[in-house]
Every structure is written in structure tokens, then in C-alpha cells.
Amino acid sequence: MENHPYAPAEIEPYWQAEWQEKSAFKIPNDIETLKTKPKFYVLGMFPYTSGAGLHVGHAKNYVPSDVFANFRRMQGYHVMHPMGWDAFGLPTERTAVRENEHPAHITERNTETFQQQMQRIGFSYDWSRKIDTSVPEYYRWTQWIFLRLYEKGLAYLADVPVNWCPALGTVLSNEEVKDGKYVETGDPVERRLMRQWMLKITAYADRLLEDLDVLDWPEGLKEMQRNWIGKSEGADITFKIKESDKTFTVFTTRPDTLFGATYCVLAPEHPLVSEIAHPDAASAVNAYVKEAINKSDLQRTDLATEKTGVFTGAYAINPCNNAPIPIWVADYVLMTYGTGAIMAVPGHDERDHEFASAFGIPIVEVISGGEKPIEEAPFEGDGVCVNSDFLNGLRVADAKERMIAWLESEERGTRQVQYRLRDWLFSRQRYWGEPFPLAHLEDGTIVQLPDEELPVELPLIDAYKPTEDGKPPLARADANWLKVTLPDGQTATRETNIMPQWAGSCWYYLRFLDAHNTEVPFDPELERYWMPVDSYMGGAEHAVLHLLYARFWHKVLYDCGLVSTKEPFQGLLNQGTILAQSYQDAKGKYYYPHEAEEKDGEFVAKASGVSLQTQIEKMSKSRFNVINSDDVIDNYGADSLRLYLLFIGPFTASTPWQDAGVEGVYRFLQRVWRLVIDEDSGELSEKLTDAAGTTESELWRELHKTIKQVTEDTESIDKMNTAISQMMIFVNTATQAKSLPKEILKIFLHLLSPYAPHIAQELWHRLGETGFIALSQWPTHDEAVLTSATVTIIAQVNGKLRNRLELPADATEKEIEEAALADERVQRFIEGKPIRKVIVVSKRNLINIVV
RNA sequence: GGUCGAGUGGUGGAAUCGGUAGACACAACGGACUUAAAAUCCGUCGCCUGUAAAAAGGUGUGGGGGUUCAAGUCCCCCCUCGACCA
């Protein structure tokens, strides 16, 4: 006899094709049609399209955003839910070099894979809005926006220290360098000053900081952005150099401790270092500077490492008491923060204290209140000024104000706000990125190309590496590309740097709104309708850089009158990472799970027998523990994959993948299937009836309970795991019911549809409905159905549960108390003891008797 | 070192405003069905005492202390892990 079990491999491709063919999730682009409904913009951070394809870690982000988009759509919103590809960047360029193929071809192949994998999961994206940051139709507008920044004076050239690898002849990012070596080849890397494009993000520091307050983001994430921007208020103070007319300026957040400054430190890169060094000290200073310059900032400022430094032989004059204090050079001071020079107050700063102790520099207490003597430990807390002349007796906050006022009146310093945020290094000496829409005249003048000339397309070149004389790869392009004739007839040479990988992702959420516009980057009316993004979901690894860069560009566009909101992403959630078991031998080499086996409770490599360590860690290609979404779909179907990723835990929690867990949700879907379909005949189950839903009153109540909870849990996004639990409870109840009104099942299928769209659609269809359940209306629960005639009262004695009492729902507190005191089991515990207090919590259906 | 977050059965995780700890699953175990197995259905499942089995009781949310009629939840100290920053 033929069987008719739940067969996702048959129903899923069918409905995916139907959705595609009927454009089920296509959003109109006509503003009048759009205005008939409220809008909702759900955006999952688009993926970098590496060759590895989509794994379940990506899906952990995209599945909840898809469920939420489905949910809002059923609630009657126009839902913007697009997808696209972040395609420019180094990984693809590296693959291109390795495989000797143009990066555009590789990108095409990779994006094709990603799209197929996503379509197999049944996401409700409007694929007609798909974008790819590496195609000219898109990056034309990235260049266009860059020109708006350039016009506003926000892009400039500067000599900045970069990681230069002589062996490769190229600049590397900080992430590619570890311990002064290129992480992949071990070639040495040095710090070198190079002329680079910078974006003046620091001009927006204050607004980037202040506007965080209006965003619905997790507090921790806002705090990370605040720390990154790192605003600190204090003063710039000018120090004269003894027996010289030279001066230097320091920035300090603690002007109140100026009387305690017993030495100064210049960063090794500080221009004064070579000028002021005493002849006797010059050679030691030079040697020190040379060594320090190649260390990373992290190495230099790490509190754990021992402080190093060298005395210059010169003295500065403390501006508040004219005391001469020695000037040192030390690498714990960075040229890139503040002024590259500090006043050191060892009594009240930990690093200064450590340094002064090591080199025998005096330590003076100027703020009282420390627990230990000032020679033993610095005191960084709040206290009262001492040994500080006109500041004596003031508390720290007042002393700061007083000192700044005094410095300003004496013209020895000014109030100053300092940011940790640096300007954004915006150029790369690479190939696979957006060319700058700029050119250089013979005399060195830089000119912007007219908007009509865009896009500046990437030229074809023969090798993706810098030229022998150190110019970027684009300098290899032929003269047709390199030379450009300007509207005024002059000839210029194109800029050969490219933009960094971040550029394309800084505004992609705007292009989705009007993805095919050839006149403007996006239509202003559409922008006003859709923006801001209501719910942006993605990994915490983008908590700082991507989100800060995109917010910066958005604010510039706002200032240009091109967008209507100050912030791009009103709501934001970070998904937890997905973890998986990985296997490593003693040397740290990773093994695939299929290469490992368990022997006597230990793991060993199948081939060699060497013993392996196992751990649960982040799923990634380099750890050989990636689970591909296609494999899961092959075995269980897309609906099981979706459900499992949600059921595994809250959206924001990091949880380990367990193959066995997929079985559980797969079984659940099979039970759902059997509620509707008789597996033996393939016909509708005989339990199904056309009776009203209320005829199965217990099930009817469970249904309404389920509507309520699924609605609330889906709304929160973070609790979709408990929404699924409740659906399981409903299905368990329905399985045991003697008869099943179709009405009840149809309502339930609505709840299931955002989560498991294929099976919900198939069963909806089998129950005789036409059209897409995904486009039907979300049900609401009836509170009256949930109330019942009796309630269960929890009876406690001294806070411990002793019995449950079934009482009428309208029982008064007095009646509850009487019933509880009369209860036999409660009696056993109060027997013979005086009752001291009785507390009835009617809201919680609870009574506590204290004896 | 600093900031923020977390720690609950064998496992993933539930638990609203302080009010029944362990929902829902996985794994395990037992039973029904089957020639057998798979699948399915039913049941047990924190630990300890207790019992033939129950009943019943004690204890229990990283550790210690506190507030409260009542603490996984609030406060203080400590330990461990994670993220970010230095």
C-alpha cells in the first residue's frame, strides 16, 4: 500500500516556484499604492559573498527576520524585506589571484550559490530588488555619494602610518597583521607613512554620540559605540621648555591634578623629540624611538607590559607653579591620541605611577582620600585637593573648572573636548573595490569628475598587485582608462586607489527602496515612505564599524537633504552566534567531524589515531565545524531547518548546534501533517469535521492561548523559541482530541505560516483554500475564551507549596483563606502552631500562611 | 586591568512586576504494536531519604551572606565563562 507521509522534498520546491512565479512577495514601487497601508522595513545584514556559501550561522540571522517580516505582512503592513550581496573586498580578490580568474566572475558564481541556498530556505524576499555592490549600476551611486562627501570637505588626503608589507608590496589592514607579521605568510610588516584618503568622521562625533539616545538599540551596543567614539572633556595645557622658546601642548582630562605633574612624556613620533634631546642623551633617544615605532598601539599601551622610556635631558616648566620637570620619551603615549604628549601625574594615574616608580621620578599627592600612601598606589577616585595652592580644599569636579578658568585667564591653556574616534582611512591599494571618481591634474590639483561621467568603471588589468614602483594595482590599467579628458578640455590622471570594503554597505539599505532607478540613487518620496529601517538584524561583529560608518554617511546625506531621517536604523537586534563542536590535535590542527571518532570516551582522528581535543566554539570555516544549510534541507527540509534555528534558543543567545535537535522539530512537523492528512490514504484525516471550533472547547481554549502567546512572542523577536513550544503544546492537544474542526486547524496554520511557510501553505491548500496563506490575515485571540469558571489556588505554608485548591474564579480573599485553612494537607503543617499572618495574592492565585 | 552580559537537570533551554523552579524539546529508560527492526503511540525522568510499588518528606537555580510572608529573579562579597575596550 502506498504511503503519504510528510515529504518536504516534494512540497517545498513546489511552493517556492509558485511564490516566485506569482511574485507573491513583490512590493509595489508606486507611492500611491504604498500609501494605502502602513509600512514596515525588516532588514537582515546582507552577507559577504565568499565562496564558502551560506551556512546555518547565516540562517540563524535570516530566519528570524523572515519570520518577523511574514508576521508583519499578515498583520497588514507593506513589508520591505530585501536581500543583496556585499561583494567587493579582499577575500574575493585573493580567490581571484589564486584561481587566476576575474573577481567579477567569482562574485557571479558565489552570489548565484547564495541566492539558490536562500531560495531553498523559503525566504520571502522581494528578489526583484536584489542588489550587488560590485556592479556598475550600484557602485555608480556609491561614487556619487562619495562626491557629495568630497564637496562638503569631508574627504581629504593625509600622510598616515599604515601597515606596509615590503615582500607583498602592499598595505595590510590591522586584522591581517599580528606581532609585526602578515598572518598568512609570516612576511614582516612595518609601519610606514603613506598618503591616503581620509573621511572626516570626527566632524560628526558629537552627533553620532548624541543621536544614539533616540535609537531602540540594545543598551550594551550603544555603550560600545559610545566607547568607540570615546568623548572626554578636559583641557589643552601649554608647557614651555626650559632654556628654549619652544612649547608643546598636552591634553588632559584631569587639569585639577596639574600641581602633581612631576614629568612630561612625548610620544616617540612627536616632532619635538629630536629637537630638544640633550646631546648627551641623543643617541639613546634615537635608538629608543626607532624601536618603538614598529610596535603596535596595543603592545605599547597594554597595562600588563613593563613601561619603557628614556629621558631626553630637557625640562619643561609646569605652568601653574613654574617648577622644572623632566621630559621623557615613552611609547605608552600615542601620537594619534590627543596631542602626542602628556603631563604625567604619578600620584593619580596608574600608568604614570608605574612609570615614575620604575624610573625614580617623584610622586606627589594632590588629591586626598586614597587608602594607601601615595608612594605605594595611585589614587584615581574623587577627593579633595591638597598641595595645590589655589585649588586646596576643592573637590575634583570644582577643581577642574577652577583650573580651566585659571589657565584660560593666564592664556596657558584652553578647555578642550577630545575623542578617541579617528578619521576613517578610506583608501586601499587594491583592485576589487570602487574606483574614486577623482582625477589629478599635472600640477597636483585634484578635480572631481562630473556626475554624468559616473560610474567610473573598474578597468581590466593583467595582475591584481601593486606596480614595481609601488603604485596601486589600478595604475596597471592602460592609458585609455588612466587618462581622462575633463569638461574644460584639460587632461588628467585618474585616482588609482579604491574605496574600502565598507563603502558599499554604508547606504545599501537606501538602494533597496528603489533598486533600479537610473536617474537618482533613490526616489525621495519612496525614501520618505520607507525610512527608517524599523528592524535591523545582524551579528555583533558589526556593532561598531559598519554601524558607525553607515550612520555617518546617513547623517551626511541628511545634511545634503537627500534623506528625511537623522538615523538609518531605528530598531536593531544582534543575533547570538551559532556554536558547534570542533576537533583539534595537540598541534592545534583542526579536523572535520567526520574525520574524528569516539574511542573509550576520548576522541581520536580516524586516519592517524592521534588523540583530539574537542570544544564547542563559534561555527566557522577555519575551525572545520561548519554545517551547511543545504545538507540539513536535504535530510529534513527547509521548514525543519527554520524551526530548529528558532527553537534552539532566543534570537540573541549564542547556542550550540545539535544534529539530534533537528529531529525533534521534524517530528513536530510530521505530527502537524498527520493532523490533516491520513498517511495511509493520502486523503484528509477522518478526524476532521466541519463543525464550529467551539465544539471542542478544550482545544478551542488551547488555540486561543496559542494565538495569544505566538503573537506576543513573535512580536518580541527574541522569544520565538517559546512561540514554537506553545505550538507544540497545541499540536499535542490536537493529536489527542477525538474530533478536529477544520476551522481550528486553519487558524492554527496561520500561526505556523511565518515559521514553517511550506507545510502551512500545503495543508492550507489541502484543506480546500486557494491563494497564499502567507498573504492572509493574522488571527487575534478572544480573551473571553481564556477565562474559566474555576481557578487553581496555590496554597503555601511558610512559603512552601502544600496543596493546590480548585476554587470558583470569583472567590473572595476571605473565601480563599477559609478554604485554605480548612484544607486537610494545609492543616497538617499548621497543626498546633499559631497563625501569624495570612497573605493572599489574588493576582497570582496564591495564598501563603505564616505560622 | 576596566565596562557590559551570563552561570538553572545528562543536553538545548522555560519561568510575566519578587509568588507553583525545570514548560517545550533532545538524550536515556520502561511499556504497547511488530516474526523482527524502524516508525508511531503511552509512560518514567534534578538530587537525597523512604517504599515491593506508592504515599510522604527533605533538598535544589556557580559559592557565601543579606532584605522579604515569599528570592533563579532584589542588595553586598567571591568564583567561573563570554563580548567589547584598554
Side-chain angles (χ1 to χ4, degrees), chain A residues 3 5-6 218-230 296-305 332 334 337 350-351 354 380 420 539-545 574 576-579 581 615-618 643-650 652-668 670-671 673-674 679-680 705-706 708-709 712-713 716 719-733 735-736 792-805 825 828-829 835-851:
Chain A
N3 242 8
Y6 167 51
E219 246 339 285
L221 199 131
K222 289 191 194 180
E223 199 54 31
M224 274 161 68
Q225 292 232 335
R226 285 190 194 106
N227 289 339
W228 191 264
I229 297 167
S296 73
D297 289 357
L298 194 70
Q299 280 174 294
R300 285 168 54 166
T301 54
D302 190 343
L303 286 168
T305 58
Y332 77 95
L334 300 177
Y337 182 77
E350 194 182 329
R351 282 182 294 188
E354 201 188 317
E380 297 184 315
R420 205 188 73 91
E541 66 273 23
H542 297 297
V544 179
L545 295 183
N574 283 134
T577 48
I578 198 138
L579 316 169
Q581 192 149 30
Q615 62 249 308
I616 305 274
E617 55 182 342
K618 187 176 171 175
L643 233 38
Y644 178 63
L645 283 169
L646 296 162
F647 188 61
I648 192 173
T652 52
S654 295
T655 38
W657 177 274
Q658 293 173 316
D659 283 323
V662 190
E663 293 273 0
V665 293
Y666 182 54
R667 281 203 279 262
F668 163 68
Q670 289 174 306
R671 282 203 298 278
W673 181 263
R674 286 194 295 267
E679 286 188 316
D680 291 334
K705 205 175 144 191
T706 306
K708 185 178 182 190
Q709 190 171 339
E712 288 171 2
D713 289 351
S716 80
K719 293 173 72 176
M720 292 178 177
N721 54 332
T722 50
I724 294 170
S725 297
Q726 183 57 42
M727 288 194 268
M728 287 172 167
I729 294 171
F730 171 82
V731 169
N732 291 345
T733 311
T735 302
Q736 285 167 348
T792 308
I793 300 288
I794 303 304
Q796 296 181 333
V797 178
N798 285 348
K800 289 206 175 95
L801 171 71
R802 293 308 177 186
N803 207 358
R804 294 156 211 265
L805 312 171
R825 292 171 52 144
R828 285 223 302 268
F829 290 90
I835 293 168
R836 286 178 34 210
K837 207 169 180 183
V838 175
I839 291 147
V840 180
V841 190
S842 49
K843 218 170 32 175
R844 302 280 181 187
N845 296 333
L846 179 140
I847 178 167
N848 189 14
I849 300 160
V850 187
V851 296

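Computed from a predicted structure; not experimentally measured.
Residue A:P650 is in sugar-phosphate contact alone, with no base atom involved, counting any heavy-atom pair closer than 4.0 Å across all strands shown. Contacts of A:A660 with the nucleic acid, taken as non-hydrogen atoms under 4.0 Å apart, involve only primed sugar atoms and P, OP1 or OP2.
B:G5 and B:G57 are spaced 40 Å apart, taking the P atom of each and rounding to whole Å. Rounded to whole Å, the separation between the C1' atoms of B:G9 and B:A83 comes to 27 Å. The same atom, P, is picked in B:G72 and in B:U20; the two are 9 Å apart, to the nearest Å.
In B:G60 the base sits anti relative to the sugar, since the glycosidic angle is further than 90° from 0.
For A:R667, a side-chain nitrogen or oxygen approaches OP1 or OP2 of B:C26 to under 4.0 Å. Put simply, A:R671 has no side-chain N or O that comes within less than 4.0 Å of OP1 or OP2 on B:C24. Taking 4.0 angstrom as the limit, A:N732 places a side-chain polar atom (N or O) nearer than this to OP1 or OP2 of B:A25. Remark: A:K719 is in phosphate contact with B:A15, judged by side-chain N or O atoms under 4.0 Å from OP1 or OP2.
Remark: A:D713 CG to A:N721 CG distance equals 7.5 Å, nearest 0.5 Å.
By the 4.0 Å N-to-carboxylate-O rule, A:E223 lies close enough to A:R226 to be salt-bridged with it.
Ring geometry for A:Y6 versus A:Y666: interplanar angle of 30 to 60°, hence tilted.
Between the base of B:U20 and the side chain of A:R804 there is a donor-acceptor pair shorter than 3.5 Å. Scanning atom types as modelled, one donor and one acceptor separated by under 3.5 angstrom connect the side chain of A:N848 and the base of B:C69.
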Output one letter per nucleotide in nucleotides 7-12 of chain B: B when a protein non-hydrogen atom lies under 4.0 Å from the base, S when only the sugar-phosphate is that close, - when neither is.
----SB

Give the dot-bracket string for RNA chain B, reading 5' to 3', where a pair is Watson-Crick or G-U wobble with both distances under 3.5 Å, ( ) marks pairs inside the strand, [ ] marks pairs crossing earlier ones, | marks a partner on another strand, and . marks unpaired.
(((((((..(((......[....))).(((((.......))))).((((......))))..(((((..]....)))))))))))).

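A:Q225 approaches A:V544 most closely through the heavy-atom pair NE2-O, 3.6 Å.
Taking A:K222 as the reference, A:E219 meet the salt bridge (Lys or Arg N to Asp or Glu O under 4.0 Å) condition, with sequence neighbours excluded.
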